[in-house]
Amino acid sequence: MLRPSPRQRYTLVDTPAERHADDFAAAVAAGLSLPEKTLPCRFLYDARGSRLFEAICELPEYPLTRTERAIFDTFAPEIAALVGRGCVLIDLGAGNCEKAERLFGWLAPSQYVAVDIAAGFLRERLDLIAGRHPELAIVGVAQDFTTTLELPPSVRSGPRLLFYPGSSIGNFAPDAALDFLARTRAAAGRDGHLLIGADLVKDKGLLDLAYDDPLGVTAAFNLNVLRNVNALLGSDFNVADWRHVAFFDPQCSRIEMHVEARCDVVARWPGATRRFAAGNRIHTENSHKYTPQQLQSMLERAGYDGVHLYLDDASGFAVALASA
């Protein structure tokens, strides 16, 4: 008897390619037309960017992932008892799916739904997940869920646990974070939960080093956004003309990442030209840092209640379980 391949054991729902292209072109054109030029941080995560971020998570200067993992290892039994076994586990920004997979034993999900913007990388990871868990119903959704969270009909109604680890909530401006959390509250439905990670305010020196490591892995991750722009927009950015800049702004309580022109640059793509003087920057990402009280308040304002907070011993990172 022939066994089904891992890919036959799951479905992948992708956004139409023309919609990807249109959305991308519009977002890039809008961001690069501003006086303070920006690129949406979601464009950091093509397949190469996703792998570079995996490498960042292993750096000693970036303890966030290890700290969060230790919190889950300690509190997973309590979290599973509150959520209940057999939920629909919806993994937002799934990446390599490793964080969600570590919870499978505790949660025994009835369905695993992996949502990520990088369709190719998501397909690679789901091939592995389906091979390791052939009994699990799996759905992949290739989507930019940061603007609109649209779950296909194949996603079961519940009870649902929306999983958003890794402090990606910090990439949103505070008002946008509140709107995003309200959308997750609607998607969770009756008897649902949200399990979310958030990096906390800490020493500026530690934060600066975490986002500008000596090996230059974060620099490569940040500069890769220009390669992604070239691939998707047909532009001619030369990565060698740019450098990585990252720093913590205490007043705004956020890390800022930029790419900065090393020299005068002219970038072209179909229908447009942009000029950058040496020292001009393109703002590529923010990572807001919260206090535990701010995180709990934001979840409650988004419509959640019964918020349980789990912190590491140094109070540098928080995991929150919120009931919908």
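Between K289 and S287, the closest heavy-atom pair is NZ-OG, 2.9 Å. Nearest heavy-atom pair across L215 and L59 is CD1-CD2, 4.1 Å. Minimum heavy-atom separation, A142 to L12: N-CD1, 4.3 Å. The two residues F43 and A27 come nearest to each other via the heavy atoms CE1-CB, 3.9 Å. Considering every non-hydrogen atom in both D116 and G95, the closest pair reads OD2-N, 2.8 Å. When all heavy atoms of G166 and L64 are compared, the closest pair comes out as O-CD2, 3.7 Å.
Not a single donor-acceptor pair under 3.5 Å links the side chain of N280 to the backbone N or O of A261. H283 contributes no side-chain N or O that, together with a main-chain N or O of V259, makes up a donor-acceptor pair within less than 3.5 Å. In this structure, S297 contributes its side chain and Q294 its backbone to no donor-acceptor pair below 3.5 Å. Under a 3.5 Å cut-off, the side chain of S167 and the backbone N or O of A198 do not form any donor-acceptor pair.
D208 is linked by a side-chain hydrogen bond (donor to acceptor under 3.5 Å, both in side chains) to K204, counting only residues two or more places apart in sequence or in another chain. The side-chain contact (heavy atoms from CB on, under 4.5 Å) test applied to A182 returns no partner, not counting sequence neighbours. Partners of S168 under the side-chain contact (heavy atoms from CB on, under 4.5 Å) rule, at least two apart in sequence or in another chain, are Y164, N171. Residues meeting the side-chain contact (heavy atoms from CB on, under 4.5 Å) test with D241, sequence neighbours left out: N238, C263, V265. Partners of Y45 by ring-ring contact (aromatic ring centres under 6.0 Å, His included), not counting sequence neighbours, listed by chain and number: F53, F221. Annotation: salt bridge (charged side-chain N to carboxylate O under 4.0 Å, His left out) contacts of D179 (sequence neighbours excluded): none. Every residue two or more places apart in sequence or in another chain that forms a side-chain hydrogen bond (donor to acceptor under 3.5 Å, both in side chains) with D46 is listed here: N224.
Annotation: the span from L321 atom CG to L161 atom CG amounts to 7.0 Å, rounded to 0.5 Å. Rounded to the nearest 0.5 Å, atoms CG (N96) and OG (S50) are 9.0 Å apart. Summarising the geometry, atom CG belonging to D199 is positioned 13.0 Å from atom CD1 belonging to I169; distances are rounded to the nearest 0.5 Å. Here the CG-CZ distance, from L178 to F172, works out to 11.5 Å after rounding to the nearest 0.5 Å. The OG1 atom of T291 lies 10.0 Å from the CD atom of Q296; values are rounded to the nearest 0.5 Å. Between L162 atom CG and I90 atom CD1 the span is 4.5 Å, to the nearest 0.5 Å.
Two residues are said to be in side-chain contact when any heavy atoms from C-beta on lie closer than 4.5 Å; L194 and S323 fail this criterion. Residues V201 and Y290 have side chains not in contact (no heavy-atom distance under 4.5 Å, counting atoms from C-beta outward). In this structure the side chain of Q293 never reaches within 4.5 angstrom of the side chain of L295, judged on heavy atoms. Counting heavy atoms from C-beta outward, P159 and V88 have side chains that stay 4.5 Å or more apart. In this structure the side chain of T218 never reaches within 4.5 angstrom of the side chain of D212, judged on heavy atoms. Here the side chains of R227 and F237 are not in contact, with every heavy-atom distance at 4.5 Å or above. In this structure, Y62 and V217 have side chains that are not in contact, with every pair of non-hydrogen atoms separated by 4.5 Å or more. Residues V266 and R268 form a side-chain contact, since some pair of their non-hydrogen atoms from C-beta on lies under 4.5 Å apart.
Linking Ile, Leu, Val, Met, Phe, Trp and Tyr residues whenever their side-chain heavy atoms come within less than 4.5 Å leaves I196 and F72 in two separate clusters.
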Using atom types as modelled, flag every donor-acceptor pair under 3.5 Å from a side chain in residues 102-115 to any protein atom, sequence neighbours excluded.
{"from": "R102", "atom 1": "NH2", "to": "D73", "atom 2": "OD1", "distance (Å)": "2.8"}
{"from": "R102", "atom 1": "NH2", "to": "D73", "atom 2": "OD2", "distance (Å)": "3.1"}
{"from": "S110", "atom 1": "OG", "to": "G86", "atom 2": "O", "distance (Å)": "3.1"}
{"from": "S110", "atom 1": "OG", "to": "C87", "atom 2": "O", "distance (Å)": "3.4"}
{"from": "Q111", "atom 1": "OE1", "to": "R156", "atom 2": "N", "distance (Å)": "2.9"}
{"from": "Q111", "atom 1": "NE2", "to": "S154", "atom 2": "O", "distance (Å)": "2.9"}
{"from": "Y112", "atom 1": "OH", "to": "D91", "atom 2": "OD2", "distance (Å)": "2.6"}

Show every donor-acceptor pair shorter than 3.5 Å between a side-chain atom in residues 245-252 and any protein atom, with sequence neighbours excluded, or say none if there are none.
{"from": "D249", "atom 1": "OD1", "to": "Q251", "atom 2": "N", "distance (Å)": "3.0"}
{"from": "D249", "atom 1": "OD1", "to": "C252", "atom 2": "N", "distance (Å)": "3.4"}

Side-chain atoms of residues 35-42: list all donor-acceptor pairs with protein atoms under 3.5 Å, sequence neighbours left out, distances to 0.1 Å.
{"from": "K37", "atom 1": "NZ", "to": "L34", "atom 2": "O", "distance (Å)": "3.4"}
{"from": "R42", "atom 1": "NE", "to": "D144", "atom 2": "OD2", "distance (Å)": "2.7"}

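More than 12 heavy-atom neighbours from other residues, nucleotides or ligands sit within 6.0 angstrom of CG on D203. Heavy-atom neighbours of D305 CG from other residues, nucleotides or ligands within 6.0 Å: above the threshold of 12. With a 6.0 Å radius and a threshold of 12 heavy atoms from other residues, nucleotides or ligands, R301 has its CZ atom above the threshold.
The stretch residues 303-324 participates, sequence neighbours left out, in these ring-ring contact (aromatic ring centres under 6.0 Å, His included) pairs: F75-Y310. A side chain to side chain donor-acceptor pair (under 3.5 Å) check over residues 255-265, counting only residues at least two apart or in different chains, returns the pairs R243-E260, R254-E256, E256-H258, E260-R281.
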With side chain to side chain donor-acceptor pair (under 3.5 Å) as the test, would you mind laying out the steps for S235 and R274 before giving the verdict? CA-CA 10 Å; S235 54; R274 293 289 185 274; over 6 Å; no
M257 vs I255, test: side chain to side chain contact (heavy atoms under 4.5 Å, CB included). Steps then yes/no. CA-CA 7 Å; M257 291 209 316; I255 284 283; 4.3 Å; yes
Kindly determine whether Y211 and E61 satisfy side chain to side chain contact (heavy atoms under 4.5 Å, CB included), including the steps that lead there. CA-CA 8 Å; Y211 288 82; E61 296 84 5; over 6 Å; no
Evaluation steps, salt bridge (Lys or Arg N to Asp or Glu O under 4.0 Å), between E124 and R51: CA-CA 12 Å; E124 291 176 13; R51 293 189 182 94; 2.7 Å; yes
Show your reasoning for whether salt bridge (Lys or Arg N to Asp or Glu O under 4.0 Å) applies to R66 and E58. CA-CA 8 Å; R66 293 184 298 280; E58 299 302 320; 5.4 Å; no
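For E98 and R125, the salt-bridge test fails: no basic side-chain N is under 4.0 Å from an acidic carboxylate O. Here K99 pairs with E68 in a salt bridge; the nearest charged N to carboxylate O distance falls below 4.0 Å.
Residues D127 and Y10 have side chains that bring a donor and an acceptor to within less than 3.5 angstrom of each other. Side-chain atoms of T67 and D312 include no donor-acceptor pair closer than 3.5 Å.
Partner F180 forms a side-chain contact (heavy atoms from CB on, under 4.5 Å) with one of L149, L92, T147 and no other, that one being L92.
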